[in-house]
Amino acid sequence: MTQTIATARACSNIAFIKYWGNRNSALRLPANGSISMNLDGLETVTTVRFDPALPADRLILDGKEQGGEVLERVSRHLDHLRTLAGIQTRALVISRNNFPTGAGIASSASAFSALTVAACAALGLRLSERQLSALARLGSGSACRSVPGGFVEWYAGRDHDSSHAQSIAPPEHWALVDLVAIVSSAHKAVGSTGGHALAPTSPLQAARVADAPRRLNICREAIYKRDFEALADVIEQDALMMHAVMMTSSPPLIYWLPTTLHIMQAVQQWRQAGLPVAFTIDAGPNVHVITTAEFRAQLSQRLAQIAGVDRVLEAGPGGPTRLLDEHLSAD
Ligand code: PMV
């Protein structure tokens, strides 16, 4: 094989109905389906170059050469794709995030989506969006939702091929905004891979999973009808159910900080006062405050004024992962 290169850009995504816990952790087959919105402008760009001269895979992330567990995870993911292509050539992976890593926005979602799409193109694999989504899932579950565009549903599925994500509405369907209130940029003690493994230790997980089809239906309908009130109630309930599972796992995972709770209470008060606003929280202390484009500036300002909020990132609905013509260079 001669050198081959490709570059892809992927958005991060925020789950409205959360993925937490696996039915099969090797394949990252989730315990329940999930629904998310891609986050426009919160992106990863990744160039993958397969090079027969390389003795081992290399990863340069935001300008820094990576080793250890971070490189191994990328290398393991490339192994799946190399097996599909029937080659063993090692790769140089150069990746850049335009948002702070570990800021509580899922960098693994955009990272593994961009990596999968770029690597498959560089390998000359001709795959459908559905196949690319299922492959991205092997790197990080939520990454399968960053492959298609706009509002996306990940069907839990029964096996590798059926566990994939698909767009349920394009980005322009609904001008929602995610205001990410950054409370702490510190790296979390227990990341999502470790967290998924703990989910079954909570006696609440079975109830959360059993009720998931109901929440998925309400969320999907709310998106179709652009019904903010219905969306607000279901996403807050879903996030609280996931955090109830986290908090009751053995050992317990408590991701919230005092400021997290202040923001949650402020959001509920603002909604009672008539504003279209709701919160959701991933595996970290930062709060994703969902509103409509009309209220973006007003709510962003209000959030920035809450003591303990470092900064507010803003994103509307984003498109699918796309190949780019220009490649990143190592320096
Ligand atoms: O894809 P992972 O393993 O990073 O898990 C994501 C888990 C949550 O962000 C908490 C929920 C979700 O559905 O994105």
Side-chain angles (χ1 to χ4, degrees), residues 10-39 42 44 69-70 73-74 76-77 97 99 101-116 133-148 151-157 163-165 178 180 187-199 202 205 208-209 212 215-216 219-220 234-247 249 253-256 260 279-288 290 315 318 321:
C11 299
S12 178
N13 68 71
I14 179 65
F16 290 162
I17 302 298
K18 307 291 186 188
Y19 149 53
W20 196 246
N22 288 313
R23 229 161 17 97
N24 175 328
S25 45
L27 288 177
R28 295 186 199 268
L29 298 180
N32 60 279
S34 53
I35 292 180
S36 59
M37 179 178 96
N38 278 4
L39 299 176
L42 301 181
T44 303
E69 178 44 38
V70 178
R73 187 164 169 191
V74 164
R76 274 197 305 274
H77 191 61
N97 291 323
F99 51 85
T101 307
I105 43 180
S107 58
S108 65
S110 49
F112 281 97
S113 182
L115 178 68
T116 305
S133 171
L135 286 171
R137 191 201 73 239
L138 297 172
S140 169
S142 56
C144 77
R145 298 189 311 240
S146 282
V147 174
F151 299 86
V152 173
E153 180 158 5
W154 172 11
Y155 307 108
S163 188
H164 70 100
D178 180 5
V180 194
H187 258 287
K188 41 202 178 204
V190 178
S192 46
T193 301
H196 293 301
L198 292 180
S202 165
Q205 170 73 345
R208 190 192 74 86
V209 170
R215 300 192 306 283
L216 286 163
C219 183
R220 199 184 306 109
V234 79
I235 72 176
E236 289 188 357
Q237 185 184 46
D238 186 86
L240 292 170
M241 285 173 91
M242 179 180 74
H243 282 271
V245 167
M246 292 163 160
M247 288 176 192
S249 294
L253 295 173
I254 302 177
Y255 286 110
W256 298 352
T260 312
F279 65 76
T280 183
I281 307 165
D282 279 344
N286 303 322
V287 185
H288 292 252
I290 310 299
T321 299

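Numbering of ligands and ligand atoms starts at 1, following listing order.
For S142, a nitrogen or oxygen atom sits less than 3.5 Å from a nitrogen or oxygen atom of ligand 1, counting backbone and side chain alike. The shortest N or O to N or O distance between W20 and ligand 1 is not below 3.5 Å. Looking at ligand 1, you'll find an N or O of S192 within less than 3.5 Å of one of its N or O atoms. Residue Y19 has at least one N or O atom closer than 3.5 Å to an N or O atom of ligand 1.
Looking at R145, R28, M242 and measuring to atom 14 (O) of ligand 1, the nearest heavy atom belongs to R145.
Under the salt bridge (Lys or Arg N to Asp or Glu O under 4.0 Å) criterion, R220 pairs with E153, sequence neighbours left out. With sequence neighbours left out, R23 forms a salt bridge (Lys or Arg N to Asp or Glu O under 4.0 Å) with no residue at all.
In this structure, H196 and W20 have tilted ring planes: the angle between them lies in the 30° to 60° band. Note: F16 and F151 have tilted aromatic rings, judged against thresholds of 30 and 60 degrees for the angle between ring planes.
Counting atoms of ligand 1 from 1 in the listed order, those under 4.0 Å from a heavy atom of A15 are 12 (C), 13 (O), 14 (O). Numbered from 1 in the order shown, with element, the atoms of ligand 1 that lie under 4.0 Å from a heavy atom of G141 read 1 (O).
Assignment of A283 to the shell around ligand 1 is supported, since a heavy atom sits closer than 4.0 Å.
With 3.5 Å as the limit, one finds a donor-acceptor pair spanning the side chains of S108 and S140.
Taking CE of M242 as the start and CZ of R208 as the end, the distance is 7.5 Å to the nearest 0.5 Å.
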